[in-house]
Amino acid sequence: TLLAKPLILYFTSKNFRYAASIILFCFLLSIEKSYSQTLDSLKQKDFSKLTLQELVETEISVANQIKIPLNESPGIISIISEEEIKNSGARDLLELLQQIPGFDFGAEWDNIIGLGIRGNNATEGKFLLLFDGHQLNETNFGSFSFGNHIFLNNISKIEIIRGPGSVVYGGSAELAVINIISKKGIENNGVKISSEYGFSDNATSYYTFQAASGKKFNNGLDLVISAGYKNAARSNRKIITLDTTIINYKDSSLIETGNISIQSQFKGNTTRLMYDRNLIQNTEAVGSVLFENLFASSENEIKIKENFVVKPRINIKYQKPWYFIENKSKEFYNSINSRYSINLPCYFELKEKLTLVTGLEAILDHSKKVNDTVIFTINNKREIDFYNFSAFSEIFYKSKIINITAGGRIEHQNIYGTEYVPRIVLTKKINKFSFKLLFNKAFKAPTISNIDYNNKIKPEITSVYELETGMQLTDELNITIN
């Protein structure tokens, strides 16, 4: 069948050698002897055994990369624990995120399911989806294909900012940030295998297989490998459209998803490799659309002094985004993209109650059209490069009266220019009462295809004012109003 055809990422020899060299370098970093010390223990909390008081005081870092209790974190935050994932009945990420306030999903082009946030269409690059630090959004439009995608068996927790995150995460975090954190080897401590089968109307609707194996060795190496495969149909229904066309979803809405991930942690270094493939049959047109990704990253945690920590990180991403197969009318979209990024965040504890987070980031995006006759409008060539440089800085001050978070991000791109976004957040917890007052500016950075369609395009700017107040009424009941 069409969905069973093997599809391979094709790279130029130059790019492949460059990527292979960096991946090899990342791998060597993960096994060499490192003299840095990690600040965070590998010991994980069992969220299912926490009291409500302990849960709201759980430290998270998604809002500003500093570990702060949930009810004092500078953002409107939701956390989905491993136990909640198990109890939710969700079979994939889409079904899980439907339980988050303000999140909803709808049909996009070519049988793709897109994300809506607080009533706004966020599909084209207005939300950031991270999986262990890998940005899963594709780089042509900034979208992600939800529905029968992303396996849940090896997820430790998901941290979600229900609001802007551009100051920390840049131009892909205009409306929300979803940060997926997988289990470490010590959490797996063995081999876990699961399989599911679903059927409706006397026909198979989906089947899936997932496996994970992990262990922490005596020498301190923490290693985990996970994989999954799913074959599904969105529906078995037959419908008649307004022009009397008959569509049978049973043979025109197939989805095939595969994922392999390897992660190692050793003496302050974390190295990750991940392959993800999502192939979707186009219900109302011919052929299929493919999203295929290869990710590699290496991150070190270097403790310069007791109060000064640096976490340099290298990310590499190869993609086939919106890659149309057996659909001649849309093959002009087909491209092979790559992204190389270097991030250098630094953490200073200036005083007992004052912390500074600052950093630099550099990104190179490259795109090459597959069809020899298709060119980019901005340079009339089949290939194009974009450069992005950014700097961010933010302070967190904790006092008896109020907690203050204030900072900003400046970002320059070689096509659309420079953008600056600030934010200031006031938070405080007094006994069982808490409140947050937030002002955020955020932006949606134009992506490769956005720029190709309009060479004079500028970032979209969002200003957000929020108030959240909450109170713990009993040992088992906490109410928040946002």
Q: Can the ring centres of F348 and F308 be said to be less than 6.0 Å apart?
A: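 When the ring centroids of F348 and F308 are compared, they turn out to be within the sub-6.0 Å range.
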Q: Find the distance between CG (L93) and CD1 (I155) and round it off to the nearest 0.5 Å.
A: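 Spacing of CG (L93) from CD1 (I155) equals 6.5 Å.
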Q: So, for Y197 and Y207, is the gap between ring centers shorter than 6.0 Å?
A: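 Centroid distance Y197-Y207: not below 6.0 Å, so no.
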Q: What I'd like to find out is whether the side chain of N343 reaches to under 4.5 Å of the side chain of N315, using heavy atoms alone.
A: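 Heavy-atom side-chain distance check fails, nothing below 4.5 Å.
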Q: If you measure from the Lys or Arg side-chain nitrogens to the Asp or Glu carboxylate oxygens, is any gap between E174 and K441 under 4.0 Å?
A: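 Looking at K441 together with E174, the answer is no, because their closest N to O distance does not fall below 4.0 Å.
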Q: Find the distance between CD1 (I117) and CD1 (I178) and round it off to the nearest 0.5 Å.
A: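 It is 6.0 Å, given to the nearest 0.5 Å.
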Q: Which word best sums up how the rings of F141 and W322 line up, parallel for under 30°, tilted for 30 to 60°, or perpendicular for over 60°?
A: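 Taking W322 first and then F141, their aromatic rings stand perpendicular (interplane angle over 60°).
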Q: Can you see which heavy atom on N388 is nearest to which on Q413, and at what distance?
A: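 Nearest pair, atom of N388 first, then Q413: ND2-CG, 4.0 Å.
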Q: Taking D365 first and then R339, would you say they form a salt bridge - that is, a charged N and a carboxylate O separated by under 4.0 Å?
A: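 Yes, D365 and R339 are salt-bridged.
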Q: Go through it in stages, so that I can follow the logic: the residues are S166 and E411, the test is side chain to side chain contact (heavy atoms under 4.5 Å, CB included), and I'd like the CA-CA distance, side-chain angles, deciding distance and then a yes or no.
A: CA-CA 10 Å; S166 287; E411 191 162 302; over 6 Å; no
Q: Quick one: pull up NZ in K368 and OG in S338 and give me the separation to the nearest 0.5 Å.
A: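 Here the interatomic distance stands at 11.0 Å.
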Q: I'd like to know if E256 and R277 make a salt bridge, using a cut-off of under 4.0 Å between side-chain N and carboxylate O.
A: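 A salt bridge links E256 with R277.
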Q: Between S297 (side chain) and I314 (backbone), is there a donor-acceptor pair under 3.5 Å?
A: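 No.
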Q: Strictly by modelled atom types, are E124 and T447 linked by a side-chain donor-acceptor pair under 3.5 Å?
A: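 There is no such pair between these side chains.
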Q: Is it true that N450 and K444 share a donor-acceptor pair across their side chains at a distance under 3.5 Å?
A: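 Yes - a donor-acceptor pair under 3.5 Å links their side chains.
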Q: Looking at R118 and E466, is there a salt bridge between them, counting it only when a charged N and a carboxylate O are closer than 4.0 Å?
A: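 Salt bridge present between E466 and R118.
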Q: From the options F324, Y323, F291, W109, select the one residue that forms a ring-ring contact (aromatic ring centres under 6.0 Å, His included) with Y333.
A: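 Going through F324, Y323, F291, W109 one by one, the ring-ring contact (aromatic ring centres under 6.0 Å, His included) with Y333 is satisfied by F324 alone.
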Q: Any idea which heavy atoms bring N153 and K183 closest together, and the distance?
A: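 In terms of heavy atoms, the two residues are closest at O-NZ, 3.4 Å.
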Q: Is the closest side-chain heavy-atom distance between L356 and S393 below 4.5 Å?
A: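 L356 reaches S393 side chain to side chain.
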Q: Between N269 and T271, do the side chains contain a donor N or O and an acceptor N or O under 3.5 Å apart?
A: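 Side chains of T271 and N269: pair found under 3.5 Å.
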Q: Per the ring-ring contact (aromatic ring centres under 6.0 Å, His included) rule, what does the pair list look like for residues 145-168, sequence neighbours excluded?
A: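 Every ring-ring contact (aromatic ring centres under 6.0 Å, His included) pair that includes a residue of residues 145-168, provided the two are not neighbours, is F105-F146, F127-F146, F144-F146, F144-H149.
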Q: Does any part of the side chain of T139, heavy atoms only, come nearer than 4.5 Å to the side chain of K317, both counted from C-beta?
A: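 The answer is yes, as the side chains (C-beta and beyond) meet within the 4.5 Å cut-off.
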Q: Could you report the tightest heavy-atom contact between F103 and L97, atom names first, then the distance?
A: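 Nearest pair, atom of F103 first, then L97: CB-O, 3.5 Å.
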Q: Using side-chain hydrogen bond (donor to acceptor under 3.5 Å, both in side chains), reason through T257 and N148 one step at a time and then give a plain yes or no.
A: CA-CA 7 Å; T257 297; N148 296 292; over 6 Å; no
Q: Please determine if K311 forms a cation-pi arrangement with Y347, meaning its NZ or CZ atom is less than 6.0 Å from the six-membered ring centre and no more than 45° off the ring axis.
A: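 Judged by the rule (NZ or CZ under 6.0 Å from the ring centre, within 45° of its axis), K311 counts as positioned above Y347.
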Q: Are the side chains of D276 and L136 in contact, using a 4.5 Å heavy-atom criterion?
A: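 Sidechains of D276 and L136: no contact.
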Q: Indicate the atoms forming the closest heavy-atom contact of V167 with V421, along with that distance.
A: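 Result for this residue pair: CG2-O, 3.7 Å.
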Q: Counting only N and O atoms by type, is there a donor-acceptor contact under 3.5 Å from the side chain of D222 to the main-chain atoms of K184?
A: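 Such a contact is absent between D222 side chain and K184 backbone.
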Q: Would you indicate whether the side-chain heavy atoms of I160 and I80 approach each other to under 4.5 Å?
A: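 A side-chain contact under 4.5 Å exists here.
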Q: So, are K320 and E138 salt-bridged, with charged N and O less than 4.0 Å apart?
A: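 Salt bridge between K320 and E138, a charged N being under 4.0 Å from a carboxylate O: no.
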Q: So, E301 and K303, do they make that salt bridge, N to O below 4.0 Å?
A: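 No salt bridge links E301 with K303.
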Q: Using a strict cut-off of less than 4.0 Å between a Lys/Arg side-chain nitrogen and an Asp/Glu carboxylate oxygen, indicate whether E159 and K157 qualify as a salt bridge.
A: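 Result for this pair is yes, salt bridge flagged.
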Q: Using side-chain heavy atoms (C-beta onward) and a distance below 4.5 Å, is L364 in contact with D385?
A: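 Yes, their side chains come closer than 4.5 Å.
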Q: Can you give me the closest heavy-atom contact between T427 and P74, atom names plus distance?
A: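 That would be CG2-CA, 4.4 Å.
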Q: Charged N to carboxylate O under 4.0 angstrom, R423 versus E394?
A: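 Result for this pair is yes, salt bridge flagged.
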Q: Can you find a pair of side-chain heavy atoms, one from N154 and one from E82, that are under 4.5 Å apart?
A: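 Not touching, per the 4.5 Å side-chain cut-off.
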Q: To the nearest 0.5 Å, what is the distance between CG (N137) and CG (N293)?
A: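 N137 CG to N293 CG: 10.0 Å, rounded to 0.5 Å.
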Q: Would you check, one step at a time, whether the test side-chain hydrogen bond (donor to acceptor under 3.5 Å, both in side chains) holds for N259 with K230?
A: CA-CA 9 Å; N259 182 283; K230 187 171 187 178; over 6 Å; no
Q: Would you say N188's side chain and G190's backbone share a donor-acceptor pair under 3.5 angstrom?
A: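 Answer holds: no.
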Q: Keeping N120 on the side-chain end and A122 on the backbone end, is there a donor-acceptor pair under 3.5 Å?
A: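 No; zero donor-acceptor contacts below 3.5 Å.
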Q: Tell me yes or no: between the side chains of S335 and N140, is some donor less than 3.5 Å from an acceptor?
A: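 N140 and S335 do have a side-chain donor-acceptor pair below 3.5 Å.
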Q: For L254, is there any backbone N or O sitting under 3.5 Å from a side-chain donor or acceptor partner on Q281?
A: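 Flag set: sc Q281 to bb L254 pair under 3.5 Å.
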Q: Rounded at 0.5 Å granularity, tell me how far CG in N278 sits from CD in E292.
A: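 If I round to the nearest 0.5 Å, the distance is 10.5 Å.
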Q: Nearest 0.5 angstrom please: S213 OG to K192 NZ, how far?
A: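 Atom-to-atom, S213:OG and K192:NZ are 10.5 Å apart.
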Q: Determine whether K353 and F396 satisfy the following criterion, side chain to side chain contact (heavy atoms under 4.5 Å, CB included), listing intermediate values before the conclusion.
A: CA-CA 8 Å; K353 297 180 180 180; F396 174 71; over 6 Å; no
Q: Ignoring hydrogens and angles, tell me if any N or O in the side chain of N219 forms a donor-acceptor pair with the backbone of L221 under 3.5 Å.
A: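 Yes, the answer is positive, given that a donor and an acceptor are paired below the 3.5 Å cut-off.
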Q: Any salt bridge linking R313 with E299? Criterion: basic side-chain nitrogen under 4.0 Å from a carboxylate oxygen.
A: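 Yes, charged N to carboxylate O under 4.0 Å.
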Q: Go through I336 and V370 one step at a time and tell me if the side chain to side chain contact (heavy atoms under 4.5 Å, CB included) criterion holds.
A: CA-CA 7 Å; I336 297 176; V370 174; 4.2 Å; yes
Q: Has N111 got a side-chain atom pairing as donor or acceptor with N282's backbone, closer than 3.5 angstrom?
A: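 No, N111 side chain to N282 backbone: no donor-acceptor pair under 3.5 Å.
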Q: Minimum heavy-atom separation for S88 and L96, please, with both atom names.
A: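 That would be OG-CD1, 3.6 Å.
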Q: Can you tell me if S449 and D452 form a side-chain donor-acceptor pair at under 3.5 Å?
A: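 Distance-only check fails for S449 and D452.
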Q: Any side-chain heavy atom of V289 within less than 4.5 Å of one from I112?
A: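 Counting from C-beta outward, V289 and I112 do come under 4.5 Å.
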Q: List the steps, then state whether side chain to side chain contact (heavy atoms under 4.5 Å, CB included) holds for R409 with E361.
A: CA-CA 11 Å; R409 183 186 191 96; E361 185 175 32; 2.7 Å; yes
